[in-house]
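The chains referred to below are lettered A, B, ... by the order of the sequence lines, with proteins before strands, and numbering in each begins at 1.
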There are 2 protein chains.
Amino acid sequence: MLTERQKFILTLVIHEYTRTAAPVGSKNLVEQYNLEMSPATVRNEMAVLTDLGYLRQPHTSAGRVPTEEGYRYFVGRLLRETELPDATRRMISHQFYQTRHDIDEWMRLAASVLAHQARAASLVTAPHPERARLKHLELISTRGRQVLMVLVTAGGGIHQRLLTLPEPVQQEQLSETAARVTQLLQGKTADEVTQMRGQLHGLDEDVVDWVVEDMNQADSLTSGEVYLDGLTNVLAEPEFSASSEARRALRLLEERSLLYDLLSRTVLNANIGGVQVLIGGEGAWDELRQCSMVLARYGAPGVVTGTLGVLGPIRMSYGRAISTVRFIASLLSDMVAESLGD
Amino acid sequence: MLTERQKFILTLVIHEYTRTAAPVGSKNLVEQYNLEMSPATVRNEMAVLTDLGYLRQPHTSAGRVPTEEGYRYFVGRLLRETELPDATRRMISHQFYQTRHDIDEWMRLAASVLAHQARAASLVTAPHPERARLKHLELISTRGRQVLMVLVTAGGGIHQRLLTLPEPVQQEQLSETAARVTQLLQGKTADEVTQMRGQLHGLDEDVVDWVVEDMNQADSLTSGEVYLDGLTNVLAEPEFSASSEARRALRLLEERSLLYDLLSRTVLNANIGGVQVLIGGEGAWDELRQCSMVLARYGAPGVVTGTLGVLGPIRMSYGRAISTVRFIASLLSDMVAESLGD
DNA sequence: TTTAGCACTCTCAATATCAGAGTGCTAAAA
DNA sequence: TTTTAGCACTCTGATATTGAGAGTGCTAAA
């Protein structure tokens, strides 16, 4: 158990290190923050914190740097959660409500705001149904045997696909089929639809097959866009000027399969509203050894959910990141809820 | 006018420099390529090329580095266009034809293949109608007064938007309205639609207004996604290890407004099938001073077109980049043509 | 016209030096 | 018992020095 003063000093060291990215020494700390104690006292406390594994010295006779353990303690126990300033929140909300009601646009905006506010790279995944349920189906003749199938799922997801029919079909007949199938399958999941095949035949049957295929695809986690922004923010950080570390981290964001793996293993079991903090890859992701992520889910629990978060250097400002992520997540949840109808 | 030998040496210098990223000296060149002449001869020729502005010396008594002018000469006159190996082309085609017929998926795949083949960052913009023409309109009730409007334009573009009506309307009535409006406006551009307002009233009128708004948005160049890939490829290049240069270049790709400006000023007046090469920003784009881009348009001329290309260091392999860009552009053109019906 | 020879230049890596910042310990002060 | 002043010691990072290596341009011979 740390004394109050030790907690205080740990906080200060972390704060100072986030600011300067350089090991922080006792004398410096006392001067910077006008502490009421001598550097020697600070040194003693620092020695204790070092023994406990919360700080470490890059070399004998250098200042102290927070360890990952130190950050975890800080984030878990010392960081008092703050909210974004009222003005900022209003400004951000305003931007969202000004946007056309277009999911795509929301995602982009969310990524952009996250990146700016947290001054880090940001990622946002589109809201994703727990199990896609059909809301509406449309078949649109393009030319000859080509047909564009547009599938709307509950929650507002849209999936399109170009089909080639065995023989040309009039638009009118296509519309009828679409209407019939919509009627029949509305509100059903892919699995439920699969069970009620056999009662169908001809064009309808083929269409239903395609619908199932599309909905299964929609169900798979790896579908859908990931919106990134602010990648250059993380490149600007001094610890990434060596660039090879930066590459590894950015590759994680670029390589969708890696990213999905990460998201599915961490954030999927989190609650809506809860913010998860991943410090230094938590030993599991080598690419993130130099990075931290702050992640949250948003959406309507059990219906559609998405993930969003930021990625920055370990010495990122967790306070700012967490409050931003939390706010944007709740904002997006509201937007989604509203678009579902309320 | 250069002698054949000078052209040959320029080519070799460029080749060697792309390979090693270090200034290339006469002796080294002779050894590497088993030239039938002495280093002194090569030195003399290099001196001529330097006088002509095609090579330069970073410092007295260092090897030679190609200037931008040198690259331009090379790309314009010396580079004999090659095609990707047959096997590679078949493999890539195969990947495309295996994909669901989903524009989104194609774009992603194109970006990915470009990045891999050219070993550079890639960008692909979705095909964009010269002037969007309405193909189909759908109105889908979500709940209460919320209505999802789905608008399909000729060329397969899909735009969605969430509307709030003044009062609840039944799905049935919405479908009727949608069908009516589709009937009326099919094949029309936003401008043409605007001219025929006044003949309408009630819900129809509102819907038409929204359609016009959406189609105008679709017309504006800045709409639509830009697909990026392989950003980490360019970070891996030694000239960007200093990272601040890399940041500037990547910012161009991230900041959509900058990117659109670039694309609109360069590639929009290019022909389909033509590949444009931008070397060192051509003096106009400061962010690209250290970079080159190889760009092309694809699509059906006069109907829908998109842009794609790669971004790499100035010393990228232009041969590989150009042949890849050309191939993918023609492939995407085929895909688009096919999806338009043929 | 080409090439061998040579003096000269410039970079880059390795090495040495040194001020500055920080530490831990001890002993005195509170 | 806790805090602090003092001090010897350590390590880094900036700066300067040096020397090998690579490359050049020029001249004169082939």
Rounded to the nearest Å, what distance is computed from the [atom1] atom of residue [X] to the [atom2] atom of nucleotide [N]?
X	N	atom1	atom2	answer
A/D51	C/dT23	CG	P	14 Å
B/Q32	D/dG23	CD	P	11 Å
A/L49	C/dT23	CG	C1'	15 Å
A/Q57	D/dT12	CD	P	11 Å

Nearest to side-chain heavy atoms of [X], which nucleotide of [options]:
X	options	result
A/S61	D/dT10, C/dA4, C/dT23	D/dT10
A/K27	C/dT23, C/dG22, C/dT11	C/dG22
A/M46	C/dT23, C/dA4, C/dG22	C/dT23
B/T60	C/dC10, C/dG22, D/dT4	C/dC10

For the aromatic rings, using the six-membered ring if either is Trp, is the centroid distance between B/Y71 and B/Y318 under 6.0 Å? yes
Inspect the contact between A/E16 and A/R64 and indicate whether a charged nitrogen and a carboxylate oxygen are less than 4.0 angstrom apart. no
Over 60° means perpendicular and under 30° means parallel, so tell me whether B/Y33 and B/H15 are parallel, tilted or perpendicular. perpendicular
[X] vs [N]: side-chain N/O to OP1/OP2 distance below 4.0 Å:
X	N	value
B/T41	C/dT3	yes
B/R43	D/dC26	no
B/R56	D/dT24	no
A/R64	C/dG22	no

Could you identify the nucleotide paired to D/dA30, looking across every strand shown and requiring Watson-Crick or G-U wobble geometry with both distances under 3.5 Å? C/dT1
Base, sugar-phosphate, or nothing: which does B/N44 touch, judged by heavy atoms less than 4.0 Å apart? base
So B/Q290 and B/R315, do their side chains get closer than 4.5 Å, heavy atoms only? no
Of B/R5 and B/H59, the one whose closest nucleotide on DNA chain C sits nearer the 5' end is B/R5
